[in-house]
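For reference, the structure is listed below as structure tokens.
Model, not experiment: these values are computed from the prediction. Side chains included, hydrogens not; waters and symmetry mates left out as well; all remaining heavy atoms used.
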Amino acid sequence: MELTSIAIDDEPHALSDIGDLLSLTPGVNLRATFNNVSDAVTHLQEFGPVDIVFCDISMPVTDGIEGAKMLKVYCDHLIYTTAHRNYAEEAFQEGASGYLVKLIIHERLIEKVEQLKEIQEKSRREEYSEKKFAFVRGKTKHSFIRVFYQEIVYFEALLNHIKIITTKNTEITYLGLKQLERDLMRHPDFIRIGKSHMISINYLKKVEGYMAFMSNGECLPIGEKYRHAFTEILRKGMLSGG
């Protein structure tokens, strides 16, 4: 699982610093950065929620504490990143999931992300243990197809549609892979492995080099951009050798 995030800070160098740290942190993707709360909320309204918002506290117009109620509508976890230690009590009263003091120590950031990943994975497995299927648009304007999550082997993006390969058949839906990824990002079993493919980890048979071999006999390439997050998921499922 890879958590999605945004960062908010009115100081450009601080945004650059958190961006650099997050790029080196396994399991989290920085979707966008903003220098004020208002622009961040507009983005979240348009493009959907994220798992984590990293937010400065001392900012003009709307500070991080004042913006908490707006931001928490669109994220599961709000983490404050600030140069001031004296806001901690207010931050946790607003339901913050973390409080990182600048200059941020990378090891502490990694620990916090790992902690939140465990929380999110548990929450999503509970959520999808009850949610068994979804409806997707079919080939015609007013047609819909029911697909069961547990039967999906992988998705393949083509020119203007997506093939959904299941254990029973292949369905066609007119969605973009990015839209599908946003819809499924909360599901713990699906991960994007390339520009054109998203797979169910349940049907991954083996990995050799940068190729994923699926249980239905298909062999899919693992894109360079996606290899790190994919490897992290594999490591979590590995047996520790004696």
Side-chain angles (χ1 to χ4, degrees), residues 1-4 26-29 31 47-51 75-76 116-239:
M1 171 189 289
E2 186 173 64
L3 303 182
T4 55
V28 62
N29 173 53
R31 193 166 82 185
F47 295 99
V50 292
D51 296 298
C75 71
D76 291 323
L116 297 184
K117 277 175 63 178
E118 291 180 7
I119 292 171
Q120 292 297 82
E121 286 177 356
K122 181 179 179 182
S123 171
R124 290 175 188 180
R125 291 204 176 276
E126 290 173 353
E127 176 184 347
Y128 281 94
S129 66
E130 299 178 0
K131 191 176 180 181
K132 305 293 185 182
F133 59 85
F135 285 94
V136 297
R137 290 190 178 276
K139 295 180 181 180
T140 59
K141 186 176 181 180
H142 299 294
S143 67
F144 297 89
I145 305 163
R146 184 176 66 173
V147 290
F148 288 87
Y149 293 119
Q150 65 181 14
E151 294 177 356
I152 298 171
V153 180
Y154 69 90
F155 302 91
E156 181 177 4
L158 300 174
L159 285 176
N160 63 345
H161 63 277
I162 287 178
K163 286 200 302 185
I164 305 174
I165 292 84
T166 75
T167 55
K168 295 181 178 179
N169 53 26
T170 297
E171 302 287 1
I172 301 293
T173 182
Y174 288 87
L175 288 173
L177 195 58
K178 284 188 177 180
Q179 181 182 346
L180 185 68
E181 185 178 24
R182 285 198 299 269
D183 292 342
L184 289 175
M185 69 172 57
R186 296 186 63 82
H187 199 295
D189 292 338
F190 296 104
I191 181 170
R192 191 163 179 176
I193 65 166
K195 186 177 180 181
S196 301
H197 295 101
M198 184 186 299
I199 68 169
S200 169
I201 205 74
N202 294 325
Y203 293 102
L204 177 64
K205 186 176 180 181
K206 66 177 179 178
V207 175
E208 290 186 0
Y210 298 125
M211 303 299 292
F213 292 81
M214 307 305 291
S215 60
N216 67 345
E218 295 289 339
C219 179
L220 307 175
I222 304 167
E224 183 177 358
K225 177 182 176 181
Y226 304 92
R227 289 171 189 168
H228 181 80
F230 183 66
T231 301
E232 287 300 309
I233 286 180
L234 295 183
R235 284 177 179 164
K236 292 194 71 173
M238 289 177 63
L239 295 174

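- For the salt bridge (charged side-chain N to carboxylate O under 4.0 Å, His left out) test, residues two or more places apart in sequence or in another chain that qualify with K163 are E156.
- Residues M214 and L204 form a side-chain contact, since some pair of their non-hydrogen atoms from C-beta on lies under 4.5 Å apart.
- The local environment of OH in Y210 is sparse, with at most 12 non-hydrogen atoms from other residues, nucleotides or ligands closer than 6.0 Å.
- When every heavy atom of D51 is checked against every heavy atom of T4, the shortest pair comes out as OD2-N, 2.8 Å.
- Put simply, the side chain of I191 does not reach to within 4.5 Å of the side chain of Y226, judged on heavy atoms.
- Every pair tested for salt bridge (Lys or Arg N to Asp or Glu O under 4.0 Å) that includes a residue from residues 212-225 fails, sequence neighbours excluded, so the list is empty.
- Every residue two or more places apart in sequence or in another chain that forms a side chain to side chain contact (heavy atoms under 4.5 Å, CB included) with S143 is listed here: T140.
- Contact check for H197 versus F155: no side-chain heavy atoms found under the 4.5 Å cut-off.
- Note that CD1 of I152 and CG of N202 are 10.5 Å apart. Values are rounded to the nearest 0.5 Å.
- With sequence neighbours excluded, the residues satisfying side-chain hydrogen bond (donor to acceptor under 3.5 Å, both in side chains) with T166 are N169.
- With sequence neighbours left out, the salt bridge (charged side-chain N to carboxylate O under 4.0 Å, His left out) criterion links E151 to K168.
- Of the possible donor and acceptor atoms, none in the side chain of R227 sits under 3.5 Å from a partner among the backbone N and O of F230.
- R31 places a side-chain heavy atom less than 4.5 Å from the side chain of V50.
- Within the 4.5 Å cutoff, side-chain heavy atoms of Y154 are placed close to those of N216.
- Under the side-chain hydrogen bond (donor to acceptor under 3.5 Å, both in side chains) criterion, N29 pairs with no residue at all, not counting sequence neighbours.
- No donor-acceptor pair under 3.5 Å is formed between the side chain of T170 and the backbone N or O of I165.
- Residues passing the salt bridge (charged side-chain N to carboxylate O under 4.0 Å, His left out) test with E208, sequence neighbours excluded: K206.
- Residues I164 and T173 form a side-chain contact, since some pair of their non-hydrogen atoms from C-beta on lies under 4.5 Å apart.
- In this structure H228 satisfies the ring-ring contact (aromatic ring centres under 6.0 Å, His included) test with no other residue, sequence neighbours excluded.
- F133 meets the ring-ring contact (aromatic ring centres under 6.0 Å, His included) test with F135, F148; sequence neighbours excluded.
- Atom CG of L220 and atom CD1 of I222 lie 8.5 Å apart (nearest 0.5 Å).
- With rounding to the nearest 0.5 Å, the separation of CD1 in I199 from OG in S215 is 10.0 Å.
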